[in-house]
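So the structure is just underneath, and the comments pick up after that.
Lettering of chains follows the sequences in order, A, B, ..., and the numbering in each one begins at 1.
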Amino acid sequence: MSRFDEEDAFEAAVAPQAPQGLSNSQRAMAARPTPYLDQLNDAQREAVETMDGPVLMLAGAGTGKTKALTCRIAHLLNTGRARPNEILAVTFTNKAAREMKERVGDLMGTSVAGMPWLGTFHSVCVKQLRRHGDLVGLKSNFTILDTDDVIRLLKQLIKAEGIDEKRWPARQLAGVIDAWKNRALTPAKVTDDEAFNGYGVKLYAQYQNRLKALNACDFGDLLLHMVTIFQNHPDLLEQYQRWYKYILVDEYQDTNVAQYMWLRLLGAAHKNVCCVGDDDQSIYGWRGAEVGNILRFEKDFPGAKVVRLEQNYRSTPHILAAASGVIAGNSNRLGKDLWTAEPEGELVRLIGHHDYEDEARWIGEEIEAMAGGARARLRKFSLEDMAILVRASHQMRAFEDRFLKIGLAYRVIGGPKFYERLECRDAIAYFRVVMQPEDDLAFERIINTPKRGVGPKALLDIQTMARTNGVSLKEGARLAVQEGLLKGKAKGAVAELVAQLDAWGNLAEQQIRYPGLDDDEAVVESVDCVPAEITHVELAERILDESGYTTMWQNDKTPEAPGRLENLKELVKGLDEHDNLHGFLENVSLSLDNDANEADPKVTIMTLHGAKGLEFPVVFLPGWEEGLFPSQRSMDESGLSGLEEERRLAYVGITRAEELCTISFASNRPVFGQWQTQMPSRFVDEIPSDHIDVLTPQAVGGRYGGQRGGFDDGFSSFESRMADADVYNSPGWRRLQDRANRAPAAKPVTLNMAAVSSFTIGDRVFHIKFGYGEVMSVDGDKLTIEFDHAGSKKLVASFVKPAAQADDAPF
DNA sequence: GCTATCCACTAACCT
DNA sequence: AGTGGATAGC
């Protein structure tokens with residue numbers, strides 16, 4: 001996909017003398033059969049066929065929203081309403097954008113070249129801003145800063161202002177500024193009453209000035225700048241309005257004010273705006289999303305057609321009913337009634353555990369059993385079919401640890417990003433300085449990495465030099481060397497670095513004239529000045545080698561060093577997929593998704609937020625405990641609306657499941673390193689009991705007394721706390737208790753087996769008093785064990801553990 | 001200028 | 001429990 005082709009097409013089409021798309025007769029002739037319409041239900045079809053004017057598609061979870069959306073695009077193209085590059089279609093994630101592109105392609109046959117304006121809000125805005133950034137003082141090669149850069153920049157500003165960093169932590173300020181930007185507030189528009197005594201806005205204004213000086217912007221700016229540009233340049237806006245004949249928006253409930261304004265500006269003329277969303281799945285309020293946008297749609301776009309998609313094709317009735325029961329606790333909903341034609345299926349399963357490690361162990365065993373087809377009534381599942389969805393990413397650890405131990409293949413999605421690792425960030429900083437010499441932040445990062453003997457003192461000198469001469473740090477460094485401001489080791493080191501940067505920069509410029517493919521003015525005559533053509537991949541290697549960065553890790557003896565070198569190799573290898581370093585840097589800053597789709601099946605571990613839009617046959621939802629889920633922080637900061645957002649998150653979680661959904665909670669969990677007694681989540685109580693099957697935890701009661709840092713003192717064992725106090729008087733808890741106390745025979749056999757004992761004859765086990773032994777027979781939850789040194793004993797299963805784990809016993 | 005140690009703070013997450 | 005910042009000591 002060529003930027004230049006698009007540009008030409010764009011300029012041609014918006015130029016006054018250019019032909020205005022297709023004529024009516026051409027359009028009519030372009031119309032082709034519409035087989036895709038046959039796959040749609042009535043509501044979907046209505047949403048697809050209502051092409052003119054505003055449409056709000058209220059699409060509940062699993063109701064075929066993406067299908068409707070992609071069919072709509074196909075229909076617009078197929079009926080000749082618009083050409084592929086005249087449709088603006090925005091999503092929130094790259095993944096969603098990619099999927100939509102693929103599916104439109106499938107519907108249309110192969111021929112959907114282009115759709116250059118199908119992408120995330122941010123990628124589309126970058127494209128616009130690269131063209132028109134000059135209207136807000138940005139050159140077209142501006143840098144996009146990530147949060148790390150932003151915080152470092154703000155820290156500098158705070159320090160320069162002489163403000164106490166304790167009172168104004170940079171992180172917090174970054175949050176405040178981001179929130180303003182999400183609401184489309186430039187410094188001038190921030191009202192006094194939320195200006196934090198003037199300090200906040202003042203710093204905000206300074207920050208914006210710094211960004212401009214750095215030829216950089218942050219994520220929020222991408223949207224905000226475009227809104228500003230369109231507001232100040234109606235003529236330009238008008239061109240875009242004419243160009244984008246149809247606008248489609250995915251996940252509309254997640255839009256913030258800036259995104260909303262951008263959309264309204266672009267759609268104001270023809271109002272062919274189709275927004276798709278589900279108010280019950282709005283889970284990004286803390287990031288500035290305004291549910292109000294979707295609740296207000298009909299007011300914003302009078303005469304809007306509202307279509308409700310309510311037939312669910314994903315989940316069983318029990319799962320759907322459980323989710324509906326929970327979400328019913330929220331007020332302020334547009335309201336939808338999901339239904340399904342599917343047969344009943346399994347009840348939603350609920351289980352409580354003693355602590356988070358038991359929870360992880362139990363889930364691991366369930367997964368293994370289901371993957372082995374060892375669950376009667378249930379079909380056999382692949383690991384690919386199963387997912388563990390957590391509220392907070394730190395919950396993932398327990399599962400990773402456990403799965404590593406038992407050798408269960410898993411994949412963590414949305415964990416620490418590849419490009420966010422130290423070595424990748426360093427390498428990228430080098431590339432940035434080379435490609436964009438004004439990028440002071442990147443310069444600061446690399447000036448003493450690897451160690452060159454250039455410490456804070458030398459850096460300060462360079463900064464002073466740069467500031468007094470009004471130049472970038474790189475130029476400041478050059479001057480500082482020339483003027484003799486730097487001495488000794490620092491002087492030589494800085495001089496060398498600057499010379500290297502120049503040299504790499506030259507190489508970069510040469511290779512940039514060989515984008516190959518689509519730049520028809522590829523400069524052939526420069527060949528004679530560049531005898532050996534250098535690809536950007538080779539250039540990257542050279543930068544890392546000549547700077548000494550690779551050597552630094554080679555000489556590093558810490559255990560992480562080899563891994564880091566591996567990552568650097570990966571990074572360089574990944575460059576191959578981009579046309580040049582510019583393209584690469586752009587994708588990095590817009591966070592290219594890195595989930596390599598390896599072939600072998602794995603269980604997916606991810607956050608609830610990350611799971612939105614996905615579905616799995618089997619879903620585990622651990623950690624449903626007060627304080628964790630709903631998150632205490634959310635409730636503290638946003639009160640009732642925070643709680644309602646958490647509840648929507650619960651709804652999202654349950655509705656990810658197609659066939660089997662298992663919710664669990666632990667009674668004990670360390671919070672900030674302190675063990676805490678946890679109460680089951682109120683959401684557990686909100687699930688209608690008709691749709692729940694309460695399972696019995698495997699290990700009831702304290703296990704090996706006293707091992708857990710003074711925690712397991714008997715009093716806090718599961719059973720003893722059952723006896724205690726009103727806090728466990730919630731309906732959900734009582735239900736759990738009832739089941740636990742019922743005769744074992746009353747429980748479904750399939751589940752009982754796992755719940756009571758996971759040991760089989762021949763297993764090696766370990767007991768705290770009797771040591772190692774072998775299981776001779778199994779009777780319910782009682783085991784007969786032949787101990788190596790203590791003879792034969794009959795014991796309750798919960799008092800022994802598999803021998804394989806005994807190595808982490810403290811003796 | 002660099003490294004080692006202590007201390008205070010913190011967990012949501014997409015671009 | 002893990003991390004980053006501040007400080008002291010080499």
Salt bridge check, [Y] against [X]: does any charged N sit closer than 4.0 Å to a carboxylate O?
X	Y	value
Arg564(A)	Asp556(A)	no
Asp178(A)	Lys181(A)	no
Lys65(A)	Asp278(A)	no

Hey, are the side chains of Val454(A) and Leu486(A) touching, using non-hydrogen atoms and a 4.5 Å cut-off?
no
Looking at side-chain heavy atoms only, is the closest gap between Ser631(A) and Glu646(A) below 4.5 Å?
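Yes. Closest side-chain heavy atoms under 4.5 Å.
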Determine the interplanar angle of the His609(A) and Tyr284(A) rings, folded into 0 to 90°, and report it as parallel if under 30°, tilted if 30 to 60°, perpendicular if over 60°.
tilted
Can you tell which of [options] lies closest to the side chain of [X]?
X	options	value
Thr607(A)	dC13(B), dT3(B), dT15(B)	dC13(B)
Pro456(A)	dA12(B), dG1(B), dC13(B)	dG1(B)
Leu590(A)	dG2(C), dT15(B), dA12(B)	dT15(B)

Taking any heavy-atom pair under 4.0 Å as a contact, classify [X]: base, sugar-phosphate, or nothing.
X	answer
Asp254(A)	nothing
Phe121(A)	nothing
Thr93(A)	sugar-phosphate
Gln395(A)	nothing
Lys457(A)	sugar-phosphate
Arg397(A)	sugar-phosphate
Gly610(A)	sugar-phosphate

What about Arg287(A): does its side chain form a donor-acceptor pair under 3.5 Å with the base of dC14(B)?
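Looking at the base of dC14(B), it does pair with a donor or acceptor on the side chain of Arg287(A) (distance under 3.5 Å).
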Would you list the protein and nucleotides 4-8 of chain C atom pairs, both N or O, that sit under 3.5 Å from each other?
residue	atom	partner	partner atom	Å
dG5(C)	OP1	Lys155(A)	NZ	3.4

Is any side-chain N or O of Asn94(A) closer than 4.0 Å to OP1 or OP2 of dT15(B)?
yes
Considering residues, nucleotides and ligands other than Arg152(A), do more than 12 of their heavy atoms fall under 6.0 Å from its CZ?
yes
